[in-house]
Every structure is written in C-alpha cells, then in structure tokens.
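Here is the structure we will look at.
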Amino acid sequence: FDLSRSYGSAPCIPTRTVHVSSLKIRKTNVVSVMSPAGCPHVNGFKVDNWKQNLRVIYQCFVWSGSAETRKRKAKSCICHMCGAHLNRLHSCLSCVFFGCFTKKHIHEHAKNKRHNLAIDLLYGGIYCFVCQDYIYDKDMEQIAKEEQRKAWKLQGRFFPLFNPSVGPSGVGEKYSTWEPTKRELELLRHNPKRRKITTNCTIGLRGLINLGNTCFMNCIVQALTHTPLLRDFFLSDRHKCEMQSNSCLVCEMSQLFQEFYSGHRSPHIPFRLLHLVWTHARHLAGYEQQDAHEFLIAALDVLHRHCKGDDNGKKANNPNNCNCIIDQIFTGGLQSDVTCQVCHGVSTTIDPFWDISLDLPGSSTPFWPLSPGGDGSTLNGESHLSGATTLTDCLRRFTRPEHLGSSAKIKCSGCHSYQESTKQLTMKKLPIVACFHLKRFEHSAKLRRKIPTYVSFPLELDMTPFMASSKESRMNGQYQQSVDVFNNDNKYSLFAVVNHQGTLESGHYTTFIRQHKDQWFKCDDAVITKASIKDVLDSEGYLLFYHKQFLEYE
C-alpha cells in the first residue's frame, strides 16, 4: 500500500514484513503489501510451469545452497548492460535478463520489454515495475521460504525455535523469519480484538506545558516525536545507554516518546528535558525566548553525541561516518564544486548537513531567481499563479553557480596560483528527513529584523533537480525535469511545519504535524487542535520537515 500518503501513528518494530508509517521501504528482504488483494500483475506470470520456473530461479540464482550453484551464480549473474556484479542485481521473471536496480538497468529492460516482474538476487524479493514496489504474493512467498530452507539445510544450517539470531557460522543470513507456533496461533484466535488506526485516532498527540518562554523547545519536540523512524527507534527500545541515565538526553527522549504514545491526553511537563538541554547546551539556558532552529541543531548535536556509543563507532554510509540514529535519519551530504575560471579545473568537497538554510526575498542579500508569475506554470506542485516565491525558488537560488569575485580568489591546484572562481552547491546525498530553514531573522551590523515574505511550499517535493547528478541537465539556470515515472528515489512528503508569529523581539512558536493519512494538527504548547491542509500551506513557514517517500537501507 502507498505509505507515502499515509503517516500511521502506531509504533512498529521492523521484522521481515515492515510497515514504517510514512514510507515505502524498498529493502529487498522487506515486502510491502500493495493492497488487501495483492499485486494484480502477478497473474500474468502464473501460467504453465511458473512454480517450477520460480523454484529454479531461487535454487540457482538467489539462495544457492550448494557450492556448485554458488559458483554458477558468481559466474553468470552479472548485469547484461554494464557487466557489474553488485548494484542490487535483479533478474527478469519473464526472460533471461539480469540488470542493476541501482543504475536502473532492470527498469529500462522492464519499460522496453513490458516485463513487469523481477526478482532481487540477494534477498529474493519480487518487484513490480507497474506498482513500483516490492510485492507480496502468498504462493510466491511459500516457494521462497521452502527453497530458502532447502538451501540452509545444504549449508548445514539449523533452525532454533526461540532464538533465531543465534545461528552457526556459514553462508547466508543468520536470522530466520519469525513464524507463529501452534500455541501462538491459538492465542491469537482466542483474542481476536486488534488495535486499529482510525481516522479520528489521537494516539501520539499530546500537548506540552510551556515552562516559561519554552515554546521554541515544544515545537521542535512535536516535530521530532512525529518523525517516523525516530519514533520507531525509541519505541522499540533500541537505545543502549553508556552514560549515567540521569544525564543522557537520549534516555530522556526515549522516556518522552513513551509518554507521547502512552495514550494519556493530559499535557506533558517536559521539565527534565529542559534541564538536560540547559546542562548540555548552556547557550540555551535561561528563560529568555530562544530560536527554534538553534534549538533543533543543538538538540540533534547532543543526541548525536550521546547515542554514538550505541553503535561502537561503526562507520556508516553518510558524510558523518556515524551510524547513530540521528545521522541515519538527518545527515545528508552537501557537495561544493569550486571551478577555476582560467583552467576550468574543479575542486570538490562534500560536507555533512542536518538542515539547509535558505535565503528569502526581502533580505539584504539579493535574491535570484523569482518565480515566473502569471504564466500558470507549476513545479513540485507549487503554483506560480500569484507570483509568490516558492520553496523551489529558494532551492534554485541555493544551488545556482556563484561567482566569487576578485576579492575572494582561491589558489587553483591546476594553475598553481590564485585565480577567480565560481562556486556551486548541490546535494550529493539526501537525508531521510530533509529540514529546510527559511532565514526569516536577519542580523547584521545595520539592522535586526524579521522577514515576513510568504513562501509557498508543497506537500510533496522532488529534490532530483538539486542533486549533484542532475547538474548536466541544468541549462541557463533552468532544470530539465525528468519524465521517468520509475524515478521516485528523491521524492519527499511534508510531515511537520514550525511557524513563528510576532516580531524578532517578541513572538511565539507553533507547529503543524501530520498524524496519519492527511490528518493535520496544530500544536500550540498544551493545546492541540485539528487543522486543514489549507491551514498548513497558507502558514508563513519557518522550519519545514520533509520525509523521504522511498527508503533504501542496508
């Protein structure tokens, strides 16, 4: 089912079949259920000897239980377009074709040949190119399980009943899937009542008492507690504290999530959280009004430092090289390309970021480009009819080439001398949660003021034009939009908006949060009220939180 349009509020603990609130999880040993009836395109495959053919594919190219089949898989399973062994190789179920999923070679084959189904050769998941998701079919799943068990037996594997994570050394996964025992099935039959998510469900919604100008903290807490993967991490008790629990901010956040999803409706008093923030981020101590953006960065920094021990310093596939939950969710990579104007040599650096700060029209910094008002065009779902500045405009300006000028010459490694250059920022790696900070508070030597410029932002955002890989498609400051319907890797959905009302000297923070489906609520300290999508999109916007619609993870 389409999780990109449905933000569930119930916690989940990832197992073989994962439903993570707002996401389509695209990991190949995780199957997303398309609908109660399943994928309608499977029936076209189920003809003649389809079961035997599928078993042969699992035996020879997926599980490969014997040494002979493993050798055959290593020799024959290469991408027919680029010759690579890796890049998430998939096999077409309609013909003999292997293709990379990462480089979309299998996508091209499916589109050209109209072969809708392919199987992942590492985990055995079946992908439908029409549904654009991994699918679940009871018959296919049964064949996959049977062939996996046969392969494990050939490898000398055993299947412990109560502790599947403890397995012998050998080839393949050391974790087996959970299957309910007869006793468990009997208990489920005798207890048929299930908790369901309804349209009026309020679990996870809870107000926060203002402890004296602490609305800046309350609004960020609301956004964090409704971040799906962060919620699932804390509610599944994944944090293993290596500090004193009374001084660990991660332990307090874990307790805070328990409070939010306990079902209690009375406002929560976050006094311990405030004390720990004051302890670990002393520049935020005191009862003066603080900046919500500054609090967000400080909170992420302290959480990052306190939960690094969870992963024993493991390196990860993000620019921070940290595997803590904060970096897994919030860290992206910003690519900076400095081009020499003489030899055109390019110097590239990649820096980690937790948020992206965007300039606004009306500030002392010249803004470019403005929307082509009145032409009725749309980009990222943002209407330009009114000529309002859009989030896409701000991102265009952020990623446009900038001439550094003669006063900022940089020593060129090619010319071996100081030369004028241009600098351009693009996204090398996108985070799971993209936070955009609209720079509404201007501080300079001459003036301090708030910039009230209205910025239109969409419910769904495509970041493809702002990727480093899309630079070649940029012509004269404009982007060539991709028409590839299969390319959804860089699409995001809005799930939280922090707003500031008032002036720079005196103001108040509130948050709009997306609960599930299209249910939005306004969080104003202890008071939570129902909100419409129009209320959200018409708001001024200070911090915008977007969540990836499709998530790939190792």
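Numbers here are sequence positions counted from 1. Just so you know, these numbers come straight off a predicted model, no measurement behind them.
- Note that CD of E460 is 4.5 Å distant from OG of S493, once rounded to the nearest 0.5 Å.
- No donor-acceptor pair closer than 3.5 Å links the side chain of N49 to the backbone N or O of Q52.
- Checking side-chain atoms of H226 against main-chain N and O of Q222 turns up a donor-acceptor pair under 3.5 Å.
- Of the charged side-chain nitrogens involved, at least one lies within less than 4.0 Å of a carboxylate oxygen, so that E147 and K150 count as a salt-bridged pair.
- Of all non-hydrogen atoms in T225 and Y261, the two that sit nearest each other are O-OH, 2.8 Å.
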Checking I143 against Y58 for the side-chain contact (heavy atoms from CB on, under 4.5 Å) test, could you report, in this order, the C-alpha distance in whole Å, the side-chain angles of both residues, the deciding distance, and whether it holds? CA-CA 9 Å; I143 291 173; Y58 275 114; 4.2 Å; yes
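- With a 4.5 Å cut-off on side-chain heavy atoms, Y136 and I126 do not count as touching.
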I'd like to know whether Y492 forms a side-chain contact (heavy atoms from CB on, under 4.5 Å) with L459, so could you lay out the CA-CA distance, the side-chain angles of the two residues, the decisive distance to 0.1 Å, and finally the verdict. CA-CA 8 Å; Y492 285 79; L459 285 174; over 6 Å; no
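- In this structure, N191 contributes its side chain and L187 its backbone to a donor-acceptor pair below 3.5 Å.
- In this structure, H90 contributes its side chain and R88 its backbone to a donor-acceptor pair below 3.5 Å.
- With sequence neighbours left out, the side-chain hydrogen bond (donor to acceptor under 3.5 Å, both in side chains) criterion links S66 to T69.
- In this structure, H105 has no ring pair (Phe, Tyr, Trp, His ring centres under 6.0 Å) partners at least two apart in sequence or on a different chain.
- Without hydrogens or angle criteria, K73 side chain to L121 main chain gives a donor-acceptor distance under 3.5 Å.
- Using a 4.0 Å cut-off between charged nitrogen and carboxylate oxygen, E68 and R72 count as a salt-bridge pair.
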L300 vs D355, test: side-chain contact (heavy atoms from CB on, under 4.5 Å). Steps then yes/no. CA-CA 11 Å; L300 293 180; D355 73 312; over 6 Å; no
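- Under a 3.5 Å cut-off, the side chain of Q424 and the backbone N or O of T399 do form a donor-acceptor pair.
- Side-chain atoms of Q59 and S64, non-hydrogen and from C-beta on, never get closer than 4.5 Å to each other.
- Salt bridge annotation for D139-K51: absent, with no cationic side-chain nitrogen under 4.0 angstrom from a carboxylate oxygen.
- E184 contributes a side-chain N or O that, together with a main-chain N or O of T181, makes up a donor-acceptor pair within less than 3.5 Å.
- Under a 3.5 Å cut-off, the side chain of Q549 and the backbone N or O of K491 do not form any donor-acceptor pair.
- For the pairing with L93, the side chain to side chain contact (heavy atoms under 4.5 Å, CB included) check across N53, L54, V42, N116 returns one residue only, L54.
- In this pair, F98 and F61 present their aromatic rings perpendicular. The plane angle is above 60°, beyond the 30 to 60° band.
- The side-chain hydrogen bond (donor to acceptor under 3.5 Å, both in side chains) check on K423 picks up nothing, with sequence neighbours excluded.
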side-chain contact (heavy atoms from CB on, under 4.5 Å) for L430 and K548? Distances and angles first, verdict last. CA-CA 9 Å; L430 292 172; K548 256 193 173 184; 4.1 Å; yes
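- Using modelled atom types, no side-chain atom of H437 and backbone atom of L543 make a donor-acceptor pair closer than 3.5 Å.
- The aromatic rings of F257 and F234 sit parallel to each other, their planes meeting at less than 30°, with 60° as the upper class boundary.
- Contact annotation: the side chain of C412 approaches that of C343 to within less than 4.5 Å [non-hydrogen atoms, C-beta and beyond].
- When atom types are taken as modelled, the side chain of Q515 and the backbone of I203 share a donor-acceptor pair closer than 3.5 angstrom.
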